[in-house]
Amino acid sequence: MKMQTTEGREAELKQDALDGLRMRLRGPLFLPGEAGHEESRSVWNAMIDRKPAVVARCRGVADVITCVQFARDNDMLLSIKGGGHNIAGLAAADGALMLDMSLMRGVWVDSQKKIAHAQAGCLLGDVDRETQVHGLAGVLGFVSATGIAGLTLGGGFGYLTRRWGWTSDNVVGMDLVTADARLVRASSDENADLFWGLRGGGGNFGVVTGIDYALYPVGPEVVGGVVAWPASEAPKVLELYRTLAEKAPPELTLVALMRPAPPAPWLPKDWHGKPIIALLACCSGRPEDGEKLVAPIKSFGKPIGDVLVRRPYAQMQSLLDATQPKGRRYYWKSEYLSRIEPALCEKAIEHAARIRSPHSAVILFQIAGALNQLEEGHSPVGNRDARYVLNITSAWEKEDEDRANIEWTRKAWEDMKRFSTGGTYVNFLTEDESAERIATALGKGLGRLAGVKAKWDPGNMFRTNRNVKPV
Ligand SMILES: Cc1cc2nc3c(=O)[nH]c(=O)nc-3n(C[C@H](O)[C@H](O)[C@H](O)COP(=O)(O)OP(=O)(O)OC[C@H]3O[C@@H](n4cnc5c(N)ncnc54)[C@H](O)[C@@H]3O)c2cc1C
């Protein structure tokens, strides 16, 4: 059968080599047409349709080592699928051996040391579910089906970022299978250079098999949820957002969203599909403090829906899930911001009014706090001046709507990028981003990353990612 070499040439993969691989693995191996292949190769963004030659659904570290050794012996392109949520579809590559990590979803919590060890195939919800048993949580993202590996390796932010920094700032160690098929540990006192590179440098250095996260007391109950108003109220609501966000303590994270109303049960039916503005809030501190902090939001104007209440933290972590299903077509443009300026608000309102699909949105995430207090070089994520994230997200169903939606996203971004810090989030970059923008996203640490790459993956075996060339 046909495969791609690491350098991207087409080559023949011998049947007996494949048979040998199948025999050595504990997890299943899927060829095109075999049950499981389609499910593995498909990713969250339906714009991506890549066809791996073979999928190995690894059942443990030994399977990962076997696959890396196989790819090496056969000079075969390798790709790694965590949660498959990367918008650029980096988990899948044509002609590759895809390592699907979805059977490796164990989580072990040490409640005394406040550390969770999670296997690299975990989704965010897996970790939240297990850590909440102990009243603890790690710093993870907003949508529970996102993979921990891709999110953490690129930085990661969510409702706890304001208190404790990027997700990757809260990693205490990782286990990794290297290009020469060895299992190594990366932490502040073992392979510290690798540890630095992994906390923002993506999957450039090997296959991560496990991640250890620092945990903090959070929940089980928090005050969180969303309040929505008609889009006509957007100027006033964004002004409220701007002023509240500036003085909010780190326990409170505020997100502003402008979009057509989703068909959610908490919104009146006659509002579904009509333009709204919503504020999403999560107060991860004491619920009684949270209630006071969100009172100005709940009492503001005449909302059309309000589900900003006391709720379990794990539920808060999946509140946005229904708006982000796998299988739609997605295109995003994103920038870091240092403040919310009135002029940016005007532009956001203007472009939200021109949204082309019922699923698209202009979103402002608040991330200011702990991450700003660490030095730029603390990890390759950098961007220690970022206080908000602007994400212009379009989502639609049909291929013939691609052009209109992409055009809307790009126009809005062209008009708003002047408010940027100059930095952008590597995990939000779409497939068509230029090399220059990828370099911008990888930031000031790019040279140092290239050095780590040269030491740990000089042959650039791990290249189906935001690739750093070895120097
Ligand atoms: C609906 C949605 C919500 C999101 N919300 C947030 C959010 O709240 N906060 C945030 O920070 N980001 C968020 N993101 C962005 C997210 O961080 C990235 O999409 C990330 O790449 C997803 O990780 P994954 O494992 O699911 O991705 P995948 O597509 O599986 O992989 C992404 C990259 O990581 C590499 N990789 C995966 N697993 C491994 C491994 N074990 N070892 C080495 N490399 C590996 C892959 O090869 C690929 O290059 C969101 C994305 C989506 C689609």
Side-chain angles (χ1 to χ4, degrees), residues 42-48 83-87 123-125 128 140-147 150-151 156-159 224-231 234 237 241 253-282 297 303-309 311-334 348 351-366 389-398 401 405-406 408-409 412 425 427-428 430:
S42 66
V43 293
W44 171 79
N45 186 356
M47 297 274 279
I48 310 293
H85 264 50
N86 188 276
I87 184 144
L123 308 182
L124 307 190
D128 281 328
L140 300 172
F142 298 93
V143 173
S144 74
T146 312
L151 179 133
F157 66 90
Y159 298 119
V226 58
V227 180
W229 300 263
V237 175
Y241 176 70
T253 294
L254 296 171
V255 180
L257 293 127
M258 277 154 284
R259 56 163 297 162
W266 62 278
L267 287 168
K269 268 209 173 105
D270 56 342
W271 268 95
H272 294 177
K274 293 190 182 141
I276 57 163
I277 175 147
L279 293 188
L280 184 72
C282 176
I297 300 176
I304 53 172
D306 176 355
V307 280
L308 179 46
V309 292
R311 63 173 77 237
Y313 176 71
Q315 193 190 81
M316 185 69 212
Q317 284 289 85
S318 56
L319 202 72
L320 297 178
D321 286 10
T323 63
Q324 304 293 325
K326 179 179 174 184
R328 280 189 188 143
R329 305 174 80 76
Y330 292 95
Y331 189 85
W332 295 352
K333 281 284 179 192
S334 182
H351 290 287
R354 296 188 195 137
I355 278 176
R356 304 296 295 266
S357 153
H359 313 302
S360 300
V362 178
I363 309 175
L364 294 162
F365 298 97
Q366 185 188 18
V389 183
L390 164 70
N391 204 11
I392 306 160
T393 68
S394 47
W396 63 101
E397 315 278 352
K398 296 190 193 116
E401 294 163 358
N405 284 286
I406 293 172
W408 168 77
T409 321
Y425 182 28
N427 274 345
F428 281 1
T430 40

Discussion item. Is it the case that the side chain of N391 and the backbone of I363 share a donor-acceptor pair, with hydrogens and angles ignored and the cut-off at 3.5 Å?
Written reply: no
Worksheet entry | Sequence-distant partners of R329, salt bridge (charged side-chain N to carboxylate O under 4.0 Å, His left out), two or more places apart | D402
Worksheet item: Given side chains that start at C-beta, do those of T430 and Y330 come closer than 4.5 Å, heavy atoms only?
Response: no
Worksheet item: Roughly how far apart are H85 NE2 and L151 CG, rounded to 0.5 Å?
Response: 10.5 Å
What side-chain donor-acceptor pairs closer than 3.5 Å can you find for residues 264-279, not counting sequence neighbours?
{"unit_1": "H272", "atom_1": "NE2", "unit_2": "A264", "atom_2": "O", "d": "3.2"}
{"unit_1": "H272", "atom_1": "NE2", "unit_2": "L267", "atom_2": "O", "d": "3.0"}
{"unit_1": "K274", "atom_1": "NZ", "unit_2": "D270", "atom_2": "O", "d": "2.7"}

Practice prompt. Would you confirm whether S357, through its side chain, and A395, through its main-chain N or O, come within 3.5 Å as a donor-acceptor pair?
Written response: yes
Worksheet item: Is the shortest heavy-atom distance from the side chain of R354 to the side chain of W408 under 4.5 Å?
Response: yes
Worksheet item: Near R328 CZ, under 6.0 Å, is it more than 12 heavy atoms from other residues, nucleotides or ligands?
Response: yes
Worksheet item: Can any side-chain N or O of W44 pair as donor or acceptor with the backbone N or O of Q324 at less than 3.5 Å?
Response: yes
Discussion item. Do Q317 and Y159 make a side-chain contact, defined as non-hydrogen atoms from C-beta onward lying under 4.5 Å apart?
Written reply: yes
Discussion item. Tell me the closest heavy-atom pair linking L124 and V143, and the distance in Å.
Written reply: CD1-O, 3.3 Å
Response to the item:
Between M258 and A352 the two heavy atoms that sit nearest each other are CB-CB, 3.6 Å
Worksheet item: With a 4.5 Å limit on heavy-atom distance, are the side chains of N405 and Y331 in contact?
Response: no
Worksheet item: With a 4.5 Å heavy-atom cut-off, do R311 and L319 have their side chains touching?
Response: yes
Discussion item. Donor-acceptor pair, distance only, cut-off 3.5 Å: does the side chain of T393 make one with the backbone of S360?
Written reply: no
Fill in: Heavy-atom check, side chain of S394 versus side chain of I406, under 4.5 Å
no
Worksheet item: Mind checking whether Q366 and L280 have side chains closer than 4.5 Å, heavy atoms only?
Response: no
Fill in: Those residues that, when tested against F157, pass ring-ring contact (aromatic ring centres under 6.0 Å, His included) (two or more places apart)
F142, F365, Y425, F428
Worksheet item: Is there a side-chain contact between I87 and N427 (heavy atoms, below 4.5 Å)?
Response: no
Worksheet item: Of V237, V307, D306, which is the lone residue that meets side-chain contact (heavy atoms from CB on, under 4.5 Å) with V227?
Response: D306
